[in-house]
There are 2 protein chains.
Amino acid sequence: MNTEMDSKVTEAEWEIMRVVWAQNKVTSKEIIEVLQQKKDWKPATTKTFIGRLVHKGMLETETEGRKYIYSAKVKEADIIRSSLNELFANICSRDVGNTIAYLLSNATLSFKDIDKLEKILERKKKDAVEEVPCNCVPGQCKCHEHEGSNCNSGCHSVSDTGQVSINEQ
Amino acid sequence: MNTEMDSKVTEAEWEIMRVVWAQNKVTSKEIIEVLQQKKDWKPATTKTFIGRLVHKGMLETETEGRKYIYSAKVKEADIIRSSLNELFANICSRDVGNTIAYLLSNATLSFKDIDKLEKILERKKKDAVEEVPCNCVPGQCKCHEHEGSNCNSGCHSVSDTGQVSINEQ
DNA sequence: AATTAATGATTACAAATGTAAACTTAAACC
DNA sequence: GGTTTAAGTTTACATTTGTAATCATTAATT
């Protein structure tokens with residue numbers, strides 16, 4: 001069993017995880033049923049993914065009679081966050097605002113959501129900057145064209161292994 | 001050459017694309033240099049990815065002498081959006097607000113960004129809902145537990161092929 | 001008890017992805 | 001003009017991912 005706590009699942013495995021997260025404790029039978037419906041997967045297919053997830057240490061098993069009860073070893077929020085972080089690592093930090101704007105524009109939100117987001121934005125004003133420093137490697141974004149004007153602070157400094165614009169809390 | 005305009009690149013290919021987007025027109029030599037720096041890729045590796053992207057129709061070539069000048073066939077925003085859509089397809093629509101909240105909290109934003117986001121939020125109030133309808137398949141999220149209380153409208157309705165919470169404009 | 005069915009484990013296999021060397025050809029240089 | 005070199009093409013190969021059948025074992029049924 002892989003204990004590398006790197007929280008990374010594939011698209012197919014994510015489907016399995018969602019069922020487990022929704023149920024807390026499930027049998028393979030239940031998972032199989034849900035995904036037979038949604039994805040038209042054969043039981044064998046679902047079993048394969050369950051097995052891989054157990055192997056990866058993302059699912060925990062508890063023996064109940066002759067079968068297993070599965071439960072999640074990682075939190076859904078962690079998977080969501082690490083996936084977002086990976087995606088945002090491909091985006092220039094200067095473009096993050098626009099990207100979030102896109103998400104916001106296209107989301108269905110509740111009043112409560114909007115309220116919460118407004119509060120966050122309000123708080124954000126405290127550490128807002130005049131120009132977000134670009135975090136791209138030279139050659140990978142346009143910020144490097146108008147050098148000097150804005151891209152001086154963060155530019156050219158962050159390598160592949162470095163932090164991206166979105167960091168874990 | 002694959003003309004399926006599905007705008008989907010792998011992680012490695014995305015690195016190539018970023019160089020092309022940054023430059024508009026580039027030679028393989030330039031791409032190779034940037035990624036030798038950033039990813040420590042051998043020239044052959046970068047060449048493979050360039051080749052695949054041309055094949056996929058994401059890169060366009062224009063012959064200059066006996067070499068190529070590469071340019072992007074797809075817009076960066078399109079790739080970002082389709083990637084986000086894919087990721088958000090794994091998240092219950094009721095959780096989208098929180099997910100955006102996470103992004104917002106962890107982003108570095110400029111005053112201008114905040115301004116823009118506030119305006120979007122303001123506009124969002126018009127079509128805000130009391131409770132965001134869950135779009136999960138039964139068995140894939142907790143909304144289905146407290147049935148009747150909130151999860152009645154959108155629930156149980158969206159299949160795998162259906163629209164997700166975030167749609168293309 | 002013998003048979004059937006369910007469940008987990010093993011094996012399979014193609015396509016996608018990451019990583020790169022080898023080959024080919026035409027251009028640049030001596 | 002012959003040789004080195006750069007660029008694109010082809011081939012290679014391991015790993016990951018998606019998709020599933022088969023096998024083994026235990027539990028349930030007749």
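In the text below, chain A, chain B and the rest are named by the order of the sequence lines, each starting its count at 1.
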Note to self: Taking ring pair (Phe, Tyr, Trp, His ring centres under 6.0 Å) as the cut-off, I'd like each qualifying pair that reaches into residues 23-48 of chain A, sequence neighbours left out, listed once.
What the structure shows: A:W41-A:F49
Notebook entry, point to check: Is any side-chain nitrogen or oxygen of B:S28 closer than 4.0 Å to OP1 or OP2 of D:dA6?
Noted result: no
Note to self: On the nucleotide D:dT9, are OP1 or OP2 found under 4.0 Å from the side-chain N or O atoms that B:Y68 carries?
What the structure shows: yes
To the nearest Å, how far apart are [X] [atom1] and [N] [atom2]?
X: B:K8; N: D:dT17; atom1: NZ; atom2: P; value: 13 Å
X: B:I16; N: D:dG8; atom1: CD1; atom2: P; value: 12 Å
X: A:M17; N: D:dT17; atom1: CE; atom2: P; value: 15 Å
X: A:E15; N: D:dT19; atom1: CD; atom2: P; value: 10 Å
X: A:Q36; N: C:dA6; atom1: CD; atom2: P; value: 13 Å
X: A:W14; N: D:dG18; atom1: CH2; atom2: P; value: 13 Å

Next item on the list: Sorted by first residue and then second, give each salt bridge (Lys or Arg N to Asp or Glu O under 4.0 Å) pair with at least one member in residues 17-26 of chain A; sequence neighbours left out.
Entry: A:K25-A:E62
Check: Can you list every salt bridge (Lys or Arg N to Asp or Glu O under 4.0 Å) pair that touches residues 100-117 of chain B, not counting sequence neighbours?
Finding: B:D115-B:K119
Note to self: Using the side chain to side chain contact (heavy atoms under 4.5 Å, CB included) criterion, which residues pair with B:K42? Sequence neighbours excluded.
What the structure shows: B:T45
Margin query: Using a 4.0 Å heavy-atom cut-off to protein, can you give one letter per nucleotide of nucleotides 18-25 of chain C, 5' to 3': B if the base is in contact, S if only the sugar-phosphate is, - if neither?
Written below: BBBB----
Polar atom pairs (N or O), protein with nucleotides 25-30 of chain D, under 3.5 Å:
| unit_1 | atom_1 | unit_2 | atom_2 | d |
| --- | --- | --- | --- | --- |
| D:dT26 | O3' | A:R66 | NE | 2.6 |
| D:dA27 | OP1 | A:R66 | NE | 2.0 |
| D:dA27 | OP1 | A:R66 | NH2 | 2.3 |

